[in-house]
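The structure appears below as structure tokens.
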Amino acid sequence: LVGCASVKSMNDDVYIPPVEKNAAQIRGSTVSEGGLFGSVYRGYVIMVDLKSIPDAASRTDELLPLTAGKHIIAAEYRYSNFMSRAYLPLEAEPGATYQLMIKSGHEDTADARPTSDFWIVNTDTGKSVTPIYRRQASGGKRGTIFNVNK
């Protein structure tokens with residue numbers, strides 16, 4: 001018996017940035033706060049259209065090319081041992097530059113669980129191009145310096 005099988009390549013799941021003269025671009029965010037522990041929060045693109053970005057966490061501030069048109073941007077937020085993710089729709093315009101924005105916070109409840117907000121801004125206009133998506137951050141232990149109430 002002779003058969004034909006289609007084998008999926010590992011590279012099929014990896015995002016290949018377009019090589020276009022007028023491509024849109026997106027980058028992540030690094031937010032630093034002063035204080036005793038010098039908190040640094042990072043938000044970065046981990047996937048574009050369900051294709052992974054290799055070594056995404058170390059590429060937070062790099063511009064990632066995008067084709068013009070509709071995309072789903074998967075984003076990740078990290079602070080210490082806290083992490084959250086969100087999926088944001090983006091209608092990329094040719095030549096535009098975007099930035100994934102993040103903001104940490106806490107739920108307005110008795111246990112004040114940590115949260116992170118995600119949204120995308122067009123850096124050329126300064127305007128938000130997506131709604132704000134709030135996600136609960138996982139990680140941390142209750143009663144430690146990394147998980148304190150407001």
Side-chain angles (χ1 to χ4, degrees), residues 10-20 22-150:
M10 285 267 250
N11 289 337
D12 290 346
D13 294 331
V14 175
Y15 180 70
I16 307 294
V19 183
E20 292 181 11
N22 204 20
Q25 302 175 88
I26 189 168
R27 77 167 47 127
S29 291
T30 301
V31 178
S32 298
E33 294 180 355
L36 181 61
F37 297 105
S39 303
V40 176
Y41 306 88
R42 286 189 167 71
Y44 44 89
V45 176
I46 59 170
M47 297 175 93
V48 174
D49 300 329
L50 301 178
K51 297 198 180 272
S52 63
I53 307 298
D55 201 22
S58 68
R59 301 171 71 185
T60 302
D61 297 320
E62 288 181 26
L63 287 169
L64 179 67
L66 301 168
T67 57
K70 293 182 180 186
H71 296 283
I72 298 295
I73 304 297
E76 185 169 279
Y77 158 91
R78 289 246 176 205
Y79 165 67
S80 180
N81 58 340
F82 292 97
M83 187 272 292
S84 64
R85 289 185 176 167
Y87 294 86
L88 298 91
L90 174 65
E91 179 74 37
E93 297 175 9
T97 301
Y98 301 95
Q99 185 166 11
L100 170 69
M101 305 301 288
I102 56 169
K103 182 180 177 190
S104 63
H106 288 85
E107 288 182 343
D108 195 18
T109 60
D111 57 358
R113 291 178 284 195
T115 61
S116 56
D117 293 345
F118 297 87
W119 71 101
I120 297 174
V121 168
N122 180 321
T123 61
D124 301 325
T125 65
K127 294 183 180 179
S128 179
V129 295
T130 67
I132 294 173
Y133 293 86
R134 176 163 289 164
R135 299 293 183 259
Q136 184 178 329
S138 62
K141 290 185 177 181
R142 193 132 179 83
T144 68
I145 60 172
F146 297 112
N147 192 359
V148 291
N149 291 340
K150 296 192 259 184

Of all the heavy-atom pairs spanning A137 and Y77, show the shortest one and how long it is. CB-CE2, 4.4 Å
Would you check, one step at a time, whether the test side-chain contact (heavy atoms from CB on, under 4.5 Å) holds for I102 with S116? CA-CA 7 Å; I102 56 169; S116 56; 5.9 Å; no
If I compare all heavy atoms of L66 with all of P18, which pair ends up nearest, and what's the gap? C-CG, 3.6 Å
If you round to the nearest 0.5 Å, how far is CD1 of I46 from CZ of R78? 9.0 Å
For T60 and T30, test the side chains for any donor-to-acceptor distance below 3.5 angstrom and give the result as yes or no. no
Using a strict cut-off of less than 4.0 Å between a Lys/Arg side-chain nitrogen and an Asp/Glu carboxylate oxygen, indicate whether R27 and D61 qualify as a salt bridge. no
Heavy-atom nearest pair, V45 first then L100, reads N-CD2, 4.2 Å
So, does Y98 use its side chain to make a donor-acceptor pair with the main chain of E93 at under 3.5 Å? yes
Looking only at heavy atoms, the pair that brings A96 and N122 closest together is CB-ND2, 4.0 Å
Backbone N or O of Q25 within a donor-acceptor pair of the T97 side chain at under 3.5 Å? no
Do you know the tightest heavy-atom contact between D124 and G95? OD2-O, 4.2 Å
Is there a donor-acceptor contact under 3.5 Å from the side chain of R135 to the main chain of M83? no
Check: Q99 side chain, G28 main-chain N or O, donor-acceptor pair, under 3.5 Å: yes
Show the nearest heavy-atom pair for residues P131 and W119, with the distance to one decimal. O-CB, 3.6 Å
Look up atom NZ in K103 and atom CZ in R134, then write down how far apart they are to the nearest 0.5 Å. 7.5 Å
Residues in side-chain hydrogen bond (donor to acceptor under 3.5 Å, both in side chains) contact with D55, at least two apart in sequence or another chain: S58
Contacts of type side chain to side chain contact (heavy atoms under 4.5 Å, CB included), residue I72, not counting sequence neighbours: D49, Y87, P89
Measuring from atom OG of S138 to atom CZ of F82, what distance do you get when rounded to the nearest 0.5 angstrom? 9.0 Å
How about Y79 and Y41: are their ring centroids closer than 6.0 Å? yes
Spell out, as yes or no, whether a donor-acceptor pair under 3.5 Å connects the side chain of T130 to the backbone of I120. yes
In this structure, OH of Y15 is separated from CG of L64 (nearest 0.5 Å) by 5.0 Å
Let me see the working for V48 and I73 under side-chain contact (heavy atoms from CB on, under 4.5 Å), right down to the final yes or no. CA-CA 5 Å; V48 174; I73 304 297; 4.1 Å; yes
After noting the C-alpha distance and the side-chain angles of I132 and F118, does the key distance pass the side-chain contact (heavy atoms from CB on, under 4.5 Å) rule? CA-CA 6 Å; I132 294 173; F118 297 87; over 6 Å; no
A quick test of your reading: do over 12 heavy atoms of other residues, nucleotides or ligands sit less than 6.0 Å from CZ of R59? yes
